[in-house]
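Notes follow the structure.
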Amino acid sequence: MKTLSNMGFALFGAALVAISYGLARFAFGLFVPSISDELSLSSYLVGIIGALPFVSFVLATLVAPLAADRLGARNLAVLSSSFGLGGLALISQSSTALSLGVGVFICGVCTGLMMPALTAAMQALVSRSMHGRVSSIMNAGTSIGIIVAVPTVVFLADAWRLTYTIFAVLAGLGVVAAWFFIPSVSRVIPANAAPPPPITRVQWSRLIRLTLFAFAMGFVSAPYWLFAPDLLVNLGALSAQNTGWLWFAVGVAGLGGAVISDLADRNNPPITQALMLMMLSSSLVLLAASPSQLPLAMFSAMVFGLAYMSLTGLYLMTGIRLLPGRISVGPVLPFMACALGQAVGSPVIGGLVESVGYADAFAIFTVIGILTAVISPLYPGHIDYLTDDEEPQAEEEHVEDTGLQAAYDHQLVDEDGQPLEDPVEDDPVAEESATEDADTR
């Protein structure tokens with residue numbers, strides 16, 4: 001295994017996320033016009049196929065913690081990339097709806113396994129004081145992957161088979177790179193970390209609310225990921241090449257999502273949730289209202305990308321805060337709920353497009369998003385790291401305890417309830433020893 005620095009691992013993780021999330025999962029919507037035309041797929045059938053990677057993502061996520069423990073981070077990352085390679089290759093050769101569906105289903109498995117593998121590797125390679133920054137950079141890989149897919153649409157819009165072959169080659173490079181750069185460590189939680197406390201009734205209440213909001217956001221976002229390019233081509237009479245700029249705008253604006261979600265945790269998460277959901281909903285109706293105007297469509301895509309990535313970052317942070325000590329559950333739960341929402345929303349939007357048309361279908365989802373935003377005061381706000389016998393923190397300490405890094409700092413605690421110290425943070429010799437030890441497990 002080649003040893004990576006903290007920032008080196010962050011960039012490497014972002015590259016794997018770009019392949020598994022950006023290319024294997026979210027790029028599909030870009031090619032819906034060309035694929036559905038060549039394979040003669042109805043809108044409802046496209047909706048069913050579009051739901052499959054989200055279903056397989058949830059199924060893979062459920063077994064990922066056990067797989068990480070049994071296989072280790074390296075083998076799980078290699079397995080994830082291999083699923084991406086196989087799924088993308090199968091899509092490139094698809095001649096029927098069945099083979100296409102199997103391909104996108106396999107790609108969803110790739111997505112579900114990748115982040116748990118990277119999380120396990122991060123525990124072994126990255127200083128804990130850098131976990132927040134490294135996680136933000138890796139999450140940005142989704143936007144990077146979406147941006148990378150744009151040139152293939154602009155120049156190869158009708159050559160979707162060649163494009164997916166190129167994606168498969170990139171996934172193959174990910175297989176090789178994962179073998180060389182990810183340790184074989186399987187221990188996600190350090191041995192000196194205290195066991196997590198039982199989940200309280202208040203935590204359950206907050207978890208349920210978080211899960212419902214994440215599900216609703218995934219449901220409302222499904223039309224954009226699946227049918228936005230198709231809407232421009234069929235309703236706006238734009239060429240398929242122009243739809244690439246839509247995803248470019250989504251990717252670029254999405255890069256700012258990590259900053260907004262971090263600021264939200266430092267200020268007022270429920271208000272940010274409401275604002276971002278309103279923005280996401282407005283992007284749907286704006287796109288449907290002006291499908292023939294590419295500048296307005298790109299502005300809609302920027303609004304959508306910023307809102308979507310901000311909300312996923314906010315849900316990630318809330319999940320980590322709500323379940324301290326449960327690394328395999330806290331960051332994963334909201335993403336599973338979001339994926340389930342997208343899995344349900346995809347066939348629904350497909351059926352609506354077929355029955356009432358693009359504009360009305362997108363408008364219906366807009367209304368659902370606005371109604372969800374209205375009840376955002378129910379979103380779980382800032383969570384204090386207090387025991388029952390502690391006094392509330394002073395305001396200045398409260399502010400310091402916010403943000404993604406603070407969430408990671410309190411994710412693992414010692415027997416006294418204090419954030420776990422990092423034995424390798426400032427000791428390069430110890431860090432090298434820990435890395436070697438991780439690689440031999």
Side-chain angles (χ1 to χ4, degrees), residues 22 26-47 49-50 143 146-160 163 219-254 256 276-309 342 345-370:
F26 287 126
F28 178 73
L30 272 176
F31 301 95
V32 163
S34 300
I35 293 176
S36 59
D37 182 61
E38 182 173 333
L39 301 185
S40 301
L41 304 178
S42 66
S43 296
Y44 180 69
L45 190 54
V46 169
I49 294 173
S143 294
I146 293 171
I147 294 172
V148 168
V150 170
T152 62
V153 181
V154 174
F155 300 107
L156 300 171
D158 296 324
W160 60 272
T163 301
F219 182 87
V220 174
S221 68
Y224 216 104
W225 285 123
L226 193 56
F227 281 110
D230 204 40
L231 184 150
L232 293 186
V233 172
N234 290 285
L235 194 62
L238 294 179
S239 66
Q241 286 84 351
N242 287 330
T243 62
W245 298 113
L246 199 69
W247 252 226
F248 177 79
V250 169
V252 170
M276 292 299 113
L277 263 178
M278 290 293 289
M279 289 175 57
L280 189 146
S281 302
S282 66
S283 70
L284 296 177
V285 72
L286 179 60
L287 184 70
S290 306
S292 60
Q293 303 296 320
L294 185 59
L296 285 178
M298 290 184 64
F299 177 74
S300 163
M302 292 182 68
V303 172
F304 175 82
L306 182 63
Y308 182 88
M309 298 303 175
Q342 290 167 322
S346 294
V348 171
I349 184 62
L352 286 174
V353 166
E354 200 165 284
S355 59
V356 301
Y358 290 97
D360 289 343
F362 272 56
I364 291 171
F365 273 73
T366 298
V367 172
I368 295 173
I370 292 174

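FYI, the numbering just counts along the sequence from 1.
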**Request:** Quick one: closest heavy-atom pair of Met279 and Ala307, and the distance?
**Result:** CB-CB, 4.0 Å

**Asked** With Tyr358, which residues qualify under ring pair (Phe, Tyr, Trp, His ring centres under 6.0 Å), at least two apart?
**Response** none

**Request:** Would you mind reporting whether Trp225 and Phe28 have side-chain heavy atoms less than 4.5 Å apart?
**Result:** no

**Fill in**
Value for CG (Leu284) from CD1 (Ile368), rounded to nearest 0.5 Å, stands at 10.0 Å

**Asked** How close do Ser43 and Glu354 get, heavy atom to heavy atom, and via which atoms?
**Response** N-OE1, 3.4 Å

**Request:** Can you spot which of Leu287, Leu30, Val150 makes a side chain to side chain contact (heavy atoms under 4.5 Å, CB included) with Leu246?
**Result:** Leu287

**Asked** Applying salt bridge (charged side-chain N to carboxylate O under 4.0 Å, His left out), which residue pairs with at least one partner in residues 30-47 are found, sequence neighbours left out?
**Response** Glu38-Arg161

**Prompt:** Tell me the side-chain hydrogen bond (donor to acceptor under 3.5 Å, both in side chains) pairs involving residues 284-296, sequence neighbours left out?
**Reply:** none

**Message:** Could you check whether any side-chain N or O of Trp245 sits under 3.5 Å from a backbone N or O of Ala297, counting only pairs where one atom can act as donor and the other as acceptor?
**Reply:** no

**Complete:** Correct closest heavy-atom pair for Ala359 and Ala288 would be CA-CB, 4.0 Å

**Message:** Please report the interatomic distance CG(Leu39) to OG(Ser34), rounded to the nearest 0.5 Å.
**Reply:** 10.5 Å

**Prompt:** Is a side-chain N or O of Ser283 found less than 3.5 angstrom from the main chain of Ala301, in a donor-acceptor match?
**Reply:** no

**Fill in**
d(Phe219 CZ, Ser346 OG) to nearest 0.5 Å is 9.5 Å

**Message:** Which label fits Tyr224 and Phe304: parallel for a plane angle under 30°, tilted from 30 to 60°, or perpendicular past 60°?
**Reply:** parallel

**Request:** Please assess Thr243 against Leu238 for the test side chain to side chain contact (heavy atoms under 4.5 Å, CB included), listing each intermediate value before the final yes or no.
**Result:** CA-CA 8 Å; Thr243 62; Leu238 294 179; 5.8 Å; no

**Request:** Please report the shortest heavy-atom distance between Met309 and Ser143, naming the atom on each side.
**Result:** CE-OG, 3.7 Å

**Prompt:** Roughly how far, to the nearest 0.5 Å, is the OG atom of Ser282 from the CD1 atom of Ile370?
**Reply:** 8.0 Å

**Item:** Smallest separation among heavy atoms of Trp247 and Ala27, with atom names
**Value:** NE1-CA, 4.2 Å

**Item:** Tyr308 and its side chain to side chain contact (heavy atoms under 4.5 Å, CB included) partner, picked from Val250, Leu280, Val220
**Value:** Leu280

**Message:** Looking at every heavy atom in both Ala361 and Val356, which two are closest together, and how far apart are they?
**Reply:** N-CG2, 3.8 Å

**Request:** Nearest 0.5 Å please: distance from the CG atom of Leu231 over to the CG atom of Leu226.
**Result:** 11.5 Å

**Asked** Would you find a donor on one side and an acceptor on the other, under 3.5 Å apart, between the side chain of Ser300 and the backbone of Leu296?
**Response** no

**Message:** Does Met278, at its CE atom, have more than 12 non-hydrogen atoms belonging to other residues, nucleotides or ligands within less than 6.0 Å?
**Reply:** no

**Asked** Around Met302, counting heavy atoms of other residues, nucleotides and ligands shown, do more than 12 lie under 6.0 Å from its CE?
**Response** no

**Member of Ile349, Leu352, Leu235 meeting the side chain to side chain contact (heavy atoms under 4.5 Å, CB included) criterion with Phe227** = Ile349

